[in-house]
Structures are given as C-alpha cells and as structure tokens.
Amino acid sequence: MMPAPTTTTGLDAYLDAAARCGGAVAPLLEVLRATPPARLLPLPGSGRTAERFRGLARIAAVDVTAARVIEPHLDAVAILAEADAPEPGQGTTWGVFAAEAPDAVLLACPEQDRWVLRGRKQWCSLAGRLTSALVTAATPDGGRRMFAVSLGAPGVTAEPARWVARGLSEVVSGPVDFDRTPARPVGGDGWYVDRPGFRWGAIGVAACWWGGCLPVVDALIARTRKRPDDAIPAARTGELYRRLDAGRLALEDAAARIDEHRVADAAVLAHAVRGTIADAVVATLDAAREVLGPAALAFDEDLARRCADLELYVSQYHRGRDDASLAGHLAGGLLGW
C-alpha cells in the first residue's frame with residue numbers, strides 16, 4: 001500500500017534523511033535549510049495537489065517525525081504563496097503557530113511604520129530550532145491576523161517546555177514570548193482561516209496520518225501470512241485495508257476537486273477527509289495492540305516509536321468538536337451523486 005513514488009529531487013533528499021533520522025529532528029532541518037521550497041512538493045491547487053498529498057504520505061510512511069517536521073514548513077510556503085508574499089529563502093525553516101490558548105495572549109500592535117508582537121504564544125513546535133514562523137495574533141480592532149516573524153529577531157524567547165511526550169519526542173511544542181518583535185502582516189484580519197487553503201493544509205496533515213499507518217499494516221499483513229488459520233489477525237488486517245483504501249480514495253478525490261475548483265464548501269471536504277483518516281488511524285493503533293501485541297510494542301523500536309508518534313499526531317483531531325463543526329456547514333443536497 002506504499003504511495004506511488006514522486007520524482008522531486010528535493011523530496012528524495014528529504015526521504016533519505018527521514019530514513020536515517022531515527023526520530024531526530026536535526027538532519028531533517030538540515031535538508032530543509034539546503035533545499036529551495038519549490039524543489040520539495042507542489043503547492044495545493046497547483047494542478048498537482050495529489051502529488052503533494054502522496055509526497056506527504058510517502059514521507060510519513062518512512063518516518064512520522066519527518067512528516068511532522070516538513071508539513072508546517074510546506075504549509076508556511078503555501079500560505080505565503082496565497083498571500084502573494086515573497087517565497088521563503090533557502091536556508092530558512094518555517095513553522096506555523098496558529099493555536100490559541102486561553103492563558104496566553106499575543107497582541108499585534110502598529111508602531112510607527114511597522115507592526116510589533118507582544119505577549120505569549122503557546123504550542124509553538126520547534127520554535128527554538130526554526131529560523132522563521134507564521135504566527136496569528138490579535139489586532140487592536142479585535143480581529144486576528146497572521147504575521148511573518150524571524151525567530152532570531154529581538155524580543156523573541158522560546159521558553160523551555162516540559163515536553164514528556166513519548167511520541168514525536170523531539171518535536172517539542174512550547175511557549176514563545178514576544179517583546180516588541182518586528183513582524184510583517186500576511187493577509188488581512190481573518191484571512192488565514194477564511195481562505196480555502198486553510199482547509200487544504202488540514203487535508204495535508206491527514207495525508208501524513210494516512211502514510212504513517214502503512215508500515216503498521218504491512219506488519220499486520222506479515223503476521224497474517226505467518227498464521228493463515230488465525231481468523232482474528234486476518235479480520236483486522238482486512239478491515240484496516242478497507243479503511244485505509246477509503247482514506248486514499250478520499251485524498252485522491254479531494255485533490256482532484258481542489259485542482260478542478262469543484263469544492264462547494266472547503267470545510268465540509270476537509271472535515272470529511274480528516275475524519276475518515278483519523279478513524280483509520282485509531283483502528284490501526286488498536287489493531288497493532290491487539291494483533292501484534294506487547295512484544296512488538298516493547299521490543300520493536302521502529303514500530304513502537306511509530307505507534308507513539310501516530311497516537312500523538314492524530315490527537316490534534318478532536319472528533320466530537322470537528323464533527324459538530326462539520327454539521328454546522330452542512331446543507332441539503334451535499335450528498336447528491
């Protein structure tokens with residue numbers, strides 16, 4: 001079930017680093033710094049969205065941490081392209097810090113002929129190791145706006161995080177403090193979440209989840225072949241194939257709709273794809289515990305790390321709230337065929 005290979009040279013270099021990284025972030029960032037963004041994966045909506053989703057899935061199939069590192073970098077490139085902003089330069093690595101926390105407020109204030117950021121932003125993954133980020137902040141009129149900021153600029157402090165996660169152990173997500181840090185606006189108030197590309201990025205994350213499941217399914221297939229008379233592994237493996245193939249079809253369909261501008265509601269499409277794949281990830285992790293058992297999870301380093309990485313990665317999907325949000329976008333006739 002491995003995704004079809006792509007021919008992007010930059011992607012090949014990143015895949016090589018992913019295969020060797022063992023969950024370490026440093027070699028992955030080294031490749032991103034050395035590779036112009038245009039040589040990695042196509043932009044969503046460029047007519048090659050399926051290639052983008054396949055590439056993300058292929059990376060996650062090699063190493064989930066590698067997918068978690070490159071996905072926000074590529075999302076930042078896509079956001080800047082949508083805003084007609086300059087493309088990130090070679091030598092830079094990017095994050096997207098858009099999570100909101102009730103106990104942390106980041107304000108964007110106009111100051112003479114520039115904007116500055118003041119306050120704290122939570123959930124800033126790899127902030128101490130990246131060069132740049134796109135950050136959402138509150139504006140004086142009560143709106144929310146995105147800003148590009150150098151993480152090496154004056155006033156930026158990436159605070160130590162008590163990161164105890166067993167999954168994605170090197171993708172530390174901690175707070176960042178900003179003190180009159182110069183920032184460049186990207187789009188207007190509300191633009192970041194209102195644009196369709198916000199949803200295309202969310203589907204790209206789901207492509208990473210999907211790819212991360214593939215080696216687990218391969219391990220289940222191998223177990224089934226060793227014990228052809230055992231119905232339980234066979235049943236779970238067959239079920240997972242159906243679930244993941246449905247996820248693949250959903251990704252392919254979404255990519256085609258995006259490129260052909262056949263999306264009636266971007267939120268509906270993204271919620272449906274993400275929910276389908278998130279369910280498949282949960283079923284994959286359940287099957288790994290039930291069929292492969294504690295021996296594999298205790299003694300197989302690659303499998304144990306992959307399952308831990310996947311479990312943390314997919315936890316950003318909130319089934320109840322996301323399904324409620326989906327329902328809020330529904331209108332009659334959307335399921336017509």
Side-chain angles (χ1 to χ4, degrees), residues 21 23-34 37 65-66 68-77 79-80 83 85-86 88-187 189 191-193 201 312-313 315-316:
C21 76
V25 165
L28 304 169
L29 294 178
E30 182 180 351
V31 174
L32 292 184
R33 285 192 295 269
T65 292
R68 180 66 182 84
V69 169
I70 198 174
E71 185 279 323
H73 178 82
L74 292 175
D75 192 35
V77 173
I79 293 166
L80 291 168
Q90 188 170 338
T92 61
T93 50
W94 287 74
V96 179
F97 306 155
E100 306 295 344
D103 58 344
V105 177
L106 183 63
L107 301 175
C109 307
E111 187 179 272
Q112 298 178 349
D113 60 346
R114 64 176 187 169
W115 286 84
V116 296
L117 301 180
R118 292 190 177 107
R120 171 168 283 209
K121 193 72 173 176
Q122 295 280 23
W123 294 104
C124 300
S125 299
L126 297 175
R129 306 180 75 168
L130 302 175
T131 67
S132 316
L134 296 179
V135 184
T136 53
T139 54
D141 59 3
R144 289 215 159 268
R145 195 169 184 180
M146 176 157 272
F147 294 84
V149 62
S150 167
L151 295 174
V156 179
T157 304
E159 296 289 345
R162 188 172 175 270
W163 188 252
V164 298
R166 299 307 187 258
L168 302 173
S169 60
E170 286 210 6
V171 189
V172 177
S173 294
V176 175
D177 291 324
F178 296 88
D179 182 12
R180 296 186 63 236
T181 301
R184 173 169 53 87
V186 177
D189 279 5
W191 174 83
Y192 167 66
V193 295
L312 184 59
Y313 202 176
S315 68
Q316 66 180 246

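None of the values given here were measured: they were computed from a predicted structure.
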*Asks:* Indicate the atoms forming the closest heavy-atom contact of Gly95 with Ala76, along with that distance.
*Replies:*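 That closest heavy-atom pairing would be O-CB, 4.4 Å.
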*Asks:* On a heavy-atom basis, which atom in Pro72 and which in Val96 lie closest, and how many Å separate them?
*Replies:*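 Closest heavy-atom pair between Pro72 and Val96: O-CG2, 3.6 Å.
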*Asks:* I need the Ile70 CD1 to Leu32 CG distance, nearest 0.5 Å.
*Replies:*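 Reported value, rounded in 0.5 Å steps: 5.0 Å.
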*Asks:* For Gly174, does its backbone N or O pair with a side-chain atom of Lys121 as donor and acceptor, under 3.5 Å?
*Replies:* no
*Asks:* Could I get the full list of ring pair (Phe, Tyr, Trp, His ring centres under 6.0 Å) partners for Trp191, not counting sequence neighbours?
*Replies:*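 In terms of ring pair (Phe, Tyr, Trp, His ring centres under 6.0 Å), with neighbours along the sequence ignored, Trp191 is linked to no residue.
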*Asks:* Looking at CG of Leu168 and OG of Ser173, how far apart are the two atoms once the value is rounded to the nearest 0.5 Å?
*Replies:*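 One finds 8.5 Å between CG of Leu168 and OG of Ser173.
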*Asks:* Any side chain to side chain donor-acceptor pair (under 3.5 Å) involving residues 145-168? Give me the pairs, sequence neighbours left out, ordered by first then second residue.
*Replies:* none
*Asks:* Find the distance between NE2 (His73) and CG (Leu130) and round it off to the nearest 0.5 Å.
*Replies:*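 His73 NE2 to Leu130 CG: 9.5 Å, rounded to 0.5 Å.
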*Asks:* Can you tell me how far the OG1 atom of Thr131 sits from the CG atom of Leu126, to the nearest 0.5 Å?
*Replies:* 11.5 Å
*Asks:* Using the side-chain hydrogen bond (donor to acceptor under 3.5 Å, both in side chains) criterion, which residues pair with Asp179? Sequence neighbours excluded.
*Replies:*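 None.
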*Asks:* Could you check whether any side-chain N or O of Glu170 sits under 3.5 Å from a backbone N or O of Val25, counting only pairs where one atom can act as donor and the other as acceptor?
*Replies:* yes
*Asks:* Roughly how far, to the nearest 0.5 Å, is OG1 of Thr93 from CG of Leu28?
*Replies:* 11.5 Å
*Asks:* According to ring pair (Phe, Tyr, Trp, His ring centres under 6.0 Å), does anything in residues 101-123 pair up with another residue at least two apart or in another chain? List the pairs.
*Replies:* Trp115-Phe147
*Asks:* Is any side-chain heavy atom of Glu100 less than 4.5 Å from a side-chain heavy atom of Leu106?
*Replies:* no
*Asks:* Kindly write out the residues that satisfy side-chain hydrogen bond (donor to acceptor under 3.5 Å, both in side chains) with Arg184, not counting sequence neighbours, or none if the list is empty.
*Replies:*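 Per chain and number, Arg184 pairs via side-chain hydrogen bond (donor to acceptor under 3.5 Å, both in side chains) with no residue.
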*Asks:* Walk me through whether Val149 and Phe178 qualify under side-chain contact (heavy atoms from CB on, under 4.5 Å).
*Replies:* CA-CA 10 Å; Val149 62; Phe178 296 88; 4.3 Å; yes
*Asks:* Please report the shortest heavy-atom distance between Gly167 and Leu312, naming the atom on each side.
*Replies:* O-CD2, 3.2 Å
*Asks:* Between Glu30 and Arg33, is the closest basic N to carboxylate O distance under 4.0 Å?
*Replies:*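 Looking at Glu30 together with Arg33, the answer is no, because their closest N to O distance does not fall below 4.0 Å.
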*Asks:* If you round to the nearest 0.5 Å, how far is CD1 of Ile79 from CG of Leu134?
*Replies:* 5.0 Å
*Asks:* Apply side-chain hydrogen bond (donor to acceptor under 3.5 Å, both in side chains) to Thr92 and list each qualifying residue two or more places apart in sequence or on a separate chain.
*Replies:*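 Partners of Thr92 under the side-chain hydrogen bond (donor to acceptor under 3.5 Å, both in side chains) test: Trp94.
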*Asks:* Please name the pair of heavy atoms, one in Ala98 and one in Thr136, separated by the smallest distance, quoted to 0.1 Å.
*Replies:*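 For Ala98 versus Thr136, the nearest heavy atoms are CA-OG1, 3.3 Å.
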*Asks:* What's the shortest heavy-atom distance between Ala137 and Leu117, and which atoms?
*Replies:* CB-CD2, 4.1 Å
*Asks:* The test is side-chain contact (heavy atoms from CB on, under 4.5 Å); show your working for Arg144 and Asp189 and say whether it passes.
*Replies:* CA-CA 5 Å; Arg144 289 215 159 268; Asp189 279 5; over 6 Å; no
*Asks:* For Gln122 and Pro175, work out which heavy atoms get closest and say how close.
*Replies:* OE1-CB, 3.2 Å
*Asks:* side-chain hydrogen bond (donor to acceptor under 3.5 Å, both in side chains) between Ser125 and Arg68: does it pass, once the steps are laid out?
*Replies:* CA-CA 10 Å; Ser125 299; Arg68 180 66 182 84; 2.8 Å; yes
